[in-house]
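First up is the structure itself, then whatever we jot down about it.
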Amino acid sequence: MNDIKVLNHAADNIRILAAAAVEKAKSGHPGGAMGGADFINVLYSEYLTYDPKNPEWVGRDRFFLDPGHMAPMLYSQLCLAGKFTLDELAQLRQWGSPTTGHPEFEIARGIENTSGPLGQGHVFAIGAAIAAKFLAAHTGNPTFAKETIYAYISDGGIEEEISQGGARVASVLGLDNLVMFYDSNDIQLSTETKNVMNEDTAAKYRALGWEVIEINGNDAAQIRKAIEQAKAVKGKPALIIGKCIMGKGALKDDGSSYEANCKTHGAPLGGEAFKNTVKNLGGDPENPFQIFDDVKELYANRAKELEGICAERYAEEKAWAAANPEKAAQQADWFAGKAPKIDWSKVQQKANDATRSASAACLSALAEQVPNMICASADLSNSDKTDGFLKKTHDLTKDDFSGAFFQAGVAELTMACCCIGMALHGGVIPACGTFFVFSDYMKPAVRMAALMQLPVKFIWTHDAFRVGEDGPTHEPVEQEAQIRLMEKLQNHAGKNSVLVLRPEEAKETTVAWAMAMENTDTPTALIFSRQNINDLPEGNDYEGARKGAYIVAGSDENPDVVCVASGSEVSTLISGAELLRKDGVKVRVVSVPSEGLFRTQPIEYQQSVVPAGAKVFGMTAGLPVNLQGFLIGADPKSKIWGLNSFGFSAPYKVLDEKLGYTAENVYNQVKAML
Ligand SMILES: Cc1ncc(C[n+]2csc(CCOP(=O)(O)OP(=O)(O)O)c2C)c(N)n1
Ligand SMILES: [Mg+2]
């Protein structure tokens, strides 16, 4: 047992370092970091199990910091643990520095994730806790059952709606491997918390089925006891509500208390206030970037302790691997993030099927062949056809994680964040489905997955106004343009940040799913139709989809017009082409499952599909901007037929007629161009 005095000294050390880093950067958030220092210090010096020499160790505990603005607290803590140097800390938020604002993840440095967008981070932790339970059940490796996932949440995260979804999921799945600390400091960015929140948070989480422990969040002994208690809880997640003092130990320039003051949330303490604060905390204002000797010793002792703990865990893992060599090899592949080997010949597509049903056929094969895949749906599995996967497995439930289907309930953002958390944990391949129009509810998470280069698969069905009778609320129009913008946005590895595929018909859907499974370094969005679509002509080379756009079978040589589309509009173009050919017009039809991918092909290939100066006719059920890239360098008479308004309520065939998505309209529009 460490001396409480030393623990308090270490927490003060973290406070000094966090305040100093923000002071030097002239930007950042000292107050919350100073308030939370006691919790993070007790956690790292006594509980968090990790291997300092092997940061990627699969069985490590994980710490997810929801309020990413408290990164100075995490960096300071990781300085004590030897993962960052004091010089690196002093470079907080500077160009090229490893100590960025709101860091995403860097496992080697001990950062599992901090969420910039409040609320998402603790749900990433919930996803990671699901992954740990899944891996325990699917591998039998005892290490996964020993993992604890720690989440740190603040007032902002509690206020975000996603906390309701996360709390529900964690409770219904009985995630007793999850310990969440709520830094309840009564202060947020612009007001005191009481101005915007009067709920009884403890009662709320108890009602949601959590174990709730209430403590003074700046008292090391109480924190220690609460973590012990939380770890011992069985069958449900635990929440430790710690009443913390914002800016603990801070003094103003006149020496009076600067604690519990909104102003310390997001700005340096400043000049004399900073100096007074460092002195008050026992540091040297002229040289604040120091680690006290007793604190060094505390963490050196912890490192030794961890050696012993890890040795025991490794021994258990070794024994399991020796008894289960195949599973051990498989586990290594899973954590390496390798694309699984899949025999796609097992997927038999029905003629003229809807692409959502074609996706179900693929998912069915994936359920059989990819044992580390988890598929989720936000209560639409029989409509978004993720039930193709479900039929080959069963739901994850509180007492049974041997299945692989995650019923997320009607909570699209929660579902997406859980999937991201699974990916962050590692070892599993997450996919999740809902209607395309509800991708709007998921956008903030899609953006985080894109930024972090996580290979989550987003399955979006009911891709266009052809939802019909459900009316305009359910008819996506602008959604494709929104997600395609993410194809134009490059990630830090210089790749399109999301791969977005809208295959034209059933067989191309199989190729799209193959591309999604092979894409291990960005998220993939798959957009599928509700309605049946005619198959492409015999002899089509579906592998062309891998280039993002390709000429479909039956196209004419030396065309008078090049018609481009994705999804079911390709089939409308083909019907239109038949009419045009009767007039002697030569037509090339190009399927464009992803223009973003097409634009990464050599220019010669792009020109071979859509030659410079060609007359181009594009058709999209979304905004015309979806295909406007094809007008660049084309004949000026070229045009895109798209939807410029919300949809309408009517059977989809009527909508096709009314909105001009017919062979006749293709004929008329192209004739007017020639
Ligand atoms: C989704 C989202 N909305 C807004 C913000 C901007 N923001 C950052 S911190 C904060 C207030 C946070 O208050 P709290 O969580 O209590 O942190 P504390 O002030 O206690 O450090 C806000 C609004 C954000 N980061 N994410
Ligand atoms: Mg707060």
Side-chain angles (χ1 to χ4, degrees), residues 11 15 18-19 22 28-40 65-73 102 114-123 125 151-168 170-171 179-219 222-223 226 230 237-252 254 256-270 273 277 413-414:
R15 288 187 248 278
V22 172
H29 304 77
M34 294 174 78
D38 299 282
F39 175 79
I40 196 167
L65 180 67
D66 187 298
H69 67 274
M70 291 192 196
M73 173 181 83
H102 304 92
T114 80
S115 163
L118 290 163
Q120 290 195 52
H122 78 285
V123 184
Y152 186 116
I153 192 171
S154 61
D155 299 307
I158 292 283
E159 287 163 23
E160 283 291 347
E161 296 91 333
I162 191 176
S163 65
Q164 154 71 24
R168 176 180 52 73
S171 172
V179 173
M180 183 158 85
F181 178 75
Y182 168 25
D183 172 354
S184 173
N185 63 12
D186 299 332
I187 306 274
Q188 47 197 85
L189 190 152
S190 56
T191 67
E192 287 184 47
T193 305
K194 68 177 190 304
N195 297 12
V196 296
M197 178 159 81
N198 67 355
E199 70 195 29
D200 179 340
T201 305
K204 182 175 84 172
Y205 274 82
R206 280 194 188 105
L208 278 158
W210 287 52
E211 181 76 15
V212 179
I213 303 158
E214 295 174 86
I215 59 165
N216 173 345
N218 294 120
D219 181 317
Q222 289 190 33
I223 293 167
L239 175 68
I240 302 169
I241 301 182
K243 292 308 294 182
C244 294
I245 296 172
M246 177 81 156
K248 187 159 191 321
L251 297 179
K252 290 187 183 156
D254 64 2
S256 64
S257 170
Y258 204 176
E259 290 184 341
N261 191 319
C262 268
K263 285 192 187 143
T264 69
H265 161 87
L269 299 176
T277 299
L413 180 59
T414 296

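Throughout, numbering of the chain's residues begins at 1 and tracks the sequence.
Considering only heavy atoms from C-beta on, Asp155 stays 4.5 Å or farther from Ile187 through its side chain. Side chains of Ile40 and Met70 form no contact here, defined as non-hydrogen atoms less than 4.5 Å apart. Using a 4.5 Å heavy-atom cutoff, the side chains of Gln164 and Leu208 are in contact. Pro237 is not listed as a side-chain neighbour of Met180, based on a closest heavy-atom distance of 4.5 Å or more. Under the 4.5 Å side-chain criterion, counting only non-hydrogen atoms from C-beta, Glu161 is not in contact with Leu413. Using a 4.5 Å heavy-atom cutoff, the side chains of Cys244 and Phe181 are in contact. The closest side-chain heavy-atom distance from Lys243 to Asn216 is not below 4.5 Å.
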Next on the checklist: Let's go through Asn195 and Glu192 carefully: what are the C-alpha distance in whole Å and the side-chain angles of both, what is the deciding distance for side-chain contact (heavy atoms from CB on, under 4.5 Å) to 0.1 Å, and is it a yes or a no?
Outcome noted: CA-CA 6 Å; Asn195 297 12; Glu192 287 184 47; 4.3 Å; yes
Next on the checklist: Would Thr264 and Met34 count as a side-chain contact (heavy atoms from CB on, under 4.5 Å) here? Give the steps.
Outcome noted: CA-CA 10 Å; Thr264 69; Met34 294 174 78; over 6 Å; no
Next on the checklist: For a side-chain contact (heavy atoms from CB on, under 4.5 Å) check, start with the C-alpha distance between Val212 and Tyr182, then their side-chain angles and the critical distance, and finish with the verdict.
Outcome noted: CA-CA 10 Å; Val212 179; Tyr182 168 25; over 6 Å; no
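Salt bridge Asp38/Arg15: present, at least one basic N to carboxylate O contact under 4.0 Å.
The structure places OG of Ser171 at 12.0 Å from CG of Leu239, a figure rounded to the nearest 0.5 Å. A distance of 6.5 Å separates CE of Met197 from CD of Gln188, quoted to the nearest 0.5 Å. Taking CG of Asn218 as the reference point, atom NZ of Lys248 lies at 5.0 Å (rounded to 0.5 Å). Atoms CD1 and CD, on Ile153 and Glu160 in that order, are 9.5 Å from each other to the nearest 0.5 Å. Between the CG atom of Asp66 and the OH atom of Tyr152 there is a distance of 10.5 Å, given to the nearest 0.5 Å. Summarising the geometry, atom CE belonging to Met73 is positioned 8.5 Å from atom CZ belonging to Phe39; distances are rounded to the nearest 0.5 Å.
When all heavy atoms of Ala167 and Trp210 are compared, the closest pair comes out as O-NE1, 3.0 Å. Taking each heavy atom of Ala230 and Ile240 in turn, the nearest pair found is CB-CD1, 4.1 Å. The two residues Gly157 and Ser163 have their closest heavy-atom pair at O-CB, 3.4 Å. Closest heavy-atom contact between Ser154 and Leu118: OG-CD2, 4.1 Å. The two atoms that bring Ala125 and Ala151 nearest to each other are CB-CB, 3.7 Å, heavy atoms only. Taking each heavy atom of Gly165 and Thr414 in turn, the nearest pair found is CA-OG1, 3.4 Å.
The main-chain N or O of Ala250 is never found under 3.5 Å from a side-chain atom of Thr277 such that the two would form a donor-acceptor pair.
Relative orientation of the His265 and His69 rings is tilted, given thresholds of 30° and 60° on the angle between their planes.
The neighbour count for Lys263 NZ, taken as heavy atoms of other residues, nucleotides or ligands under 6.0 Å away, does not exceed 12. Heavy-atom neighbours of Asn198 CG from other residues, nucleotides or ligands within 6.0 Å: at or below the threshold of 12.
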